[in-house]
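Owing to the predicted nature of the structure, the values given are computational and were not obtained by experimental measurement.
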Amino acid sequence: MTNPLTTSLFDRADLDRDSVRNEVARGLSGADDGELFLEYSQSEALMFDNGRLKQATYDTSQGFGLRAVKGDAVGYAHSSDVSLPALIRAADAVGAVRGGYHGTFAAAPSRTNVRLYGDENPLDGLGFETKVKLLAEINAYVRDKDPRVRQVSVSLGATWQVVEIMRPDGESYRDIRPLVRMNISVVAGQGDRQETGSHGYGGREGYARFIETKAWRSVADDAIRQALVNLESIPAPAGEMDVVLGPGWPGVMLHEAVGHGLEGDFNRKKTSAFAGLMGQQVAAKGVTVVDDGTISARRGSLSIDDEGTPTGRTVLIEDGILVGYMQDRQNARLMGMKPTGNGRRQDYAHVPMPRMTNTYMPAGDRDPAEILASVKNGIYAANFGGGQVDITSGKYVFQCTEAYKIENGKLGAPLKGAMLIGNGPTDLHRITMVGNDTALDDGVGTCGKNGQGVPVGVGQPTLRMDRITVGGTGG
């Protein structure tokens, strides 16, 4: 078998490149845009739960997707059979989208020599027995750490994806993408009460950095800490109050409540709460939001997106002013804008669409201690779990998995059941202090949109938001 690392996917599938080029050109003739997307991927997942290996999966997949774009219409055909007959059938299918239309084919993406991650295959780095032994060691460490620990779940996973994109002119773009993730979840109990804590990390590299004893113990200790803190939590108060958001992972609220509303397709279709507001004040002064797919080895980073466009650092909101959207090629063309390298797809069976990469708020100039001290009565949200957002209205609900009462500028009791309820576009104006401690998450984010999941990153500094509705069960 040929090695996807050293050979083209066309050669690996024993495809004649000229024949493929002819079929791609035939299927896309007269269209506005489109491409052939070839993919080969390997993935594994191991789960150690309740003291034993509960799950171990390994998968290898390959396939292609052929897309023809005409205006706002898309013809798409995909197959796991990477062969010339399958490609011929796909070209016949997508050609129907043209309907006699003959457009001017969009210019090809620019090229880049930037490499944001290595091409190491993490699945080759450790033997199966070594991985199982590691998970067992982590499980034993957590259980021995505190007698209140009742359950431990440790998961380890990796993917190695090779993609090759061919344009109708025969130009091709290639990327090799490693990705790993480890997560530790803990249930601690005292009497009849049980609470949870979890921490995970990962990135676009091999396992080596993440399986060092010092690294995984730090993650395990934090998962234990969260669970024990939550054991001491009291019911969260309800009502309107000032909220301080911690740095790093709480940026997931920014991702959901604001980021999706700044994707090109929602704005072109005018279904976003931000539609038609380009150049206007959409947030408090001092608030800047950036999507950056060029940060080395980050979970959401890509050397090129799934259309072949190099990713970039796209400023979305600058000092409170809406200045940009995240764009794929189709929506950028229809809106008279430039692609930003945000055309992403879950795999070869899905069409690309505008998606976030690493979306975060850069640092401000306030000391985090000063921000905390400024709140007389409020809540400090250190970690979030699930959330729901309505893109059209901007309304959101987020569950805090670690939160504390703020009393007279100091952290008080941990809280259970705190929910933040609000409206993203409205609450951007309620940010009154931006900390100088911007941090990115530890590499665990996955974003869902239209049934597709892709790895992403989030981040922010400590923030103060005034008059936010908090849902809780306490008085």
Side-chain angles (χ1 to χ4, degrees), residues 43-57 122-123 125-126 128-159 178-190 193-233 246-252 297-299 382-386 399-403 414 416 439-446 455-459:
S43 63
E44 69 175 3
L46 288 81
M47 167 69 77
F48 202 92
D49 189 36
N50 281 333
R52 62 188 178 88
L53 185 65
K54 197 170 185 177
Q55 175 186 338
T57 62
L123 282 73
L126 291 175
F128 178 75
E129 291 183 359
T130 303
K131 294 168 188 170
V132 175
K133 183 179 178 181
L134 171 66
L135 297 182
E137 184 181 356
I138 295 172
N139 172 76
Y141 173 84
V142 175
R143 289 185 179 277
D144 292 344
K145 194 76 174 178
D146 194 285
R148 290 169 289 180
V149 172
R150 293 181 176 176
Q151 186 175 342
V152 182
S153 297
V154 188
S155 63
L156 186 68
T159 62
L179 188 67
V180 301
R181 173 178 172 172
M182 178 188 286
N183 196 79
I184 302 173
S185 297
V186 177
V187 177
Q190 195 162 344
R193 183 171 181 180
Q194 293 192 152
E195 298 293 345
T196 62
S198 68
H199 196 150
Y201 62 166
R204 290 201 179 277
E205 53 187 291
Y207 281 127
R209 185 168 65 89
F210 303 102
I211 62 172
E212 293 176 354
T213 302
K214 184 179 179 180
W216 66 252
R217 281 188 176 179
S218 175
V219 172
D221 289 345
D222 192 65
I224 297 167
R225 180 196 62 79
Q226 286 184 43
L228 297 180
V229 163
N230 286 331
L231 264 186
E232 306 298 323
S233 63
W249 177 248
V252 69
R298 294 297 305 180
R299 180 173 171 86
N383 269 301
F384 285 110
Q399 180 76 40
C400 300
T401 55
E402 183 184 356
K416 177 180 175 64
L440 298 177
D441 76 289
D442 289 325
V444 298
T446 297
V456 295
V458 301

J.: Do Arg298 and Leu440 have side chains that approach each other closer than 4.5 Å (heavy atoms only, starting at C-beta)?
T.: yes
J.: Between Asn383 and Thr401, does any side-chain donor sit less than 3.5 Å from a side-chain acceptor?
T.: no
J.: Whether Arg225 and Asp146 form a salt bridge (side-chain N of Lys/Arg under 4.0 Å from carboxylate O of Asp/Glu) is what I want to check.
T.: no
J.: Are Lys145 and Val186 close enough that some pair of their side-chain heavy atoms sits under 4.5 Å apart?
T.: no
J.: Which atom names give the shortest non-hydrogen contact between Val142 and Ala220, and what distance separates them?
T.: CG2-CB, 3.8 Å
J.: Output the distance between atom CD (Glu402) and atom OG (Ser233), rounded to the nearest 0.5 Å.
T.: 10.5 Å
J.: Between Gly206 and Val180, what is the shortest heavy-atom contact and its length?
T.: O-CG2, 3.8 Å
J.: Establish, from distance only, whether the side-chain atoms of Thr446 and Arg299 form a donor-acceptor pair under 3.5 Å.
T.: yes
J.: Side-chain contact test, heavy atoms from C-beta onward, threshold under 4.5 Å: evaluate it for Phe128 versus Leu46 and give yes or no.
T.: yes
J.: Return yes if a side-chain donor-acceptor contact under 3.5 Å exists between Gln226 and Asp222, otherwise no.
T.: yes
J.: Taking side chain as C-beta onward, heavy atoms only, is Arg204 less than 4.5 Å from Pro455?
T.: yes
J.: Could you measure the distance from the OG1 atom of Thr130 to the CD atom of Glu137? Nearest 0.5 Å is fine.
T.: 11.5 Å
J.: Minimum heavy-atom separation for Val444 and Gly200, please, with both atom names.
T.: CG1-C, 3.2 Å
J.: On a heavy-atom basis, which atom in Arg143 and which in Gly51 lie closest, and how many Å separate them?
T.: NH2-N, 4.1 Å
J.: Please report the interatomic distance CD(Gln194) to CD(Gln151), rounded to the nearest 0.5 Å.
T.: 8.0 Å
J.: Has Glu129 got more than 12 heavy atoms of other residues, nucleotides or ligands less than 6.0 Å from its CD?
T.: no
J.: Would you please test Leu231 and Arg148 for side chain to side chain contact (heavy atoms under 4.5 Å, CB included) and show each step?
T.: CA-CA 10 Å; Leu231 264 186; Arg148 290 169 289 180; 4.1 Å; yes
J.: Which residue, Asp442, Ile184, Asn183, forms the side-chain contact (heavy atoms from CB on, under 4.5 Å) with His199?
T.: Asp442
J.: Do you know which two heavy atoms are closest between Pro250 and Ala382, and how far apart they sit?
T.: CG-O, 3.4 Å
J.: Are Leu134 and Trp216 side-chain neighbours, meaning at least one heavy-atom pair lies under 4.5 Å?
T.: yes
J.: For Leu53 versus Ala56, what's the shortest heavy-atom pair and its separation?
T.: CD2-CB, 4.2 Å
J.: Just to verify, which of Asn50, Asp49, Val152 counts as forming a side-chain contact (heavy atoms from CB on, under 4.5 Å) with Asn139?
T.: Val152
J.: How long is the straight-line distance from CZ of Phe384 back to SG of Cys400, given to the nearest 0.5 Å?
T.: 4.5 Å
J.: Applying salt bridge (charged side-chain N to carboxylate O under 4.0 Å, His left out), can you list everything that pairs with Arg193, at least two apart in sequence or on another chain?
T.: Glu195
J.: To the nearest 0.5 Å, how far apart are OH in Tyr207 and CG in Leu156?
T.: 4.0 Å
J.: Quick one: pull up OG in Ser153 and NZ in Lys54 and give me the separation to the nearest 0.5 Å.
T.: 7.0 Å
J.: How about Lys416 and Asn230: do any of their side-chain heavy atoms sit closer than 4.5 Å?
T.: no
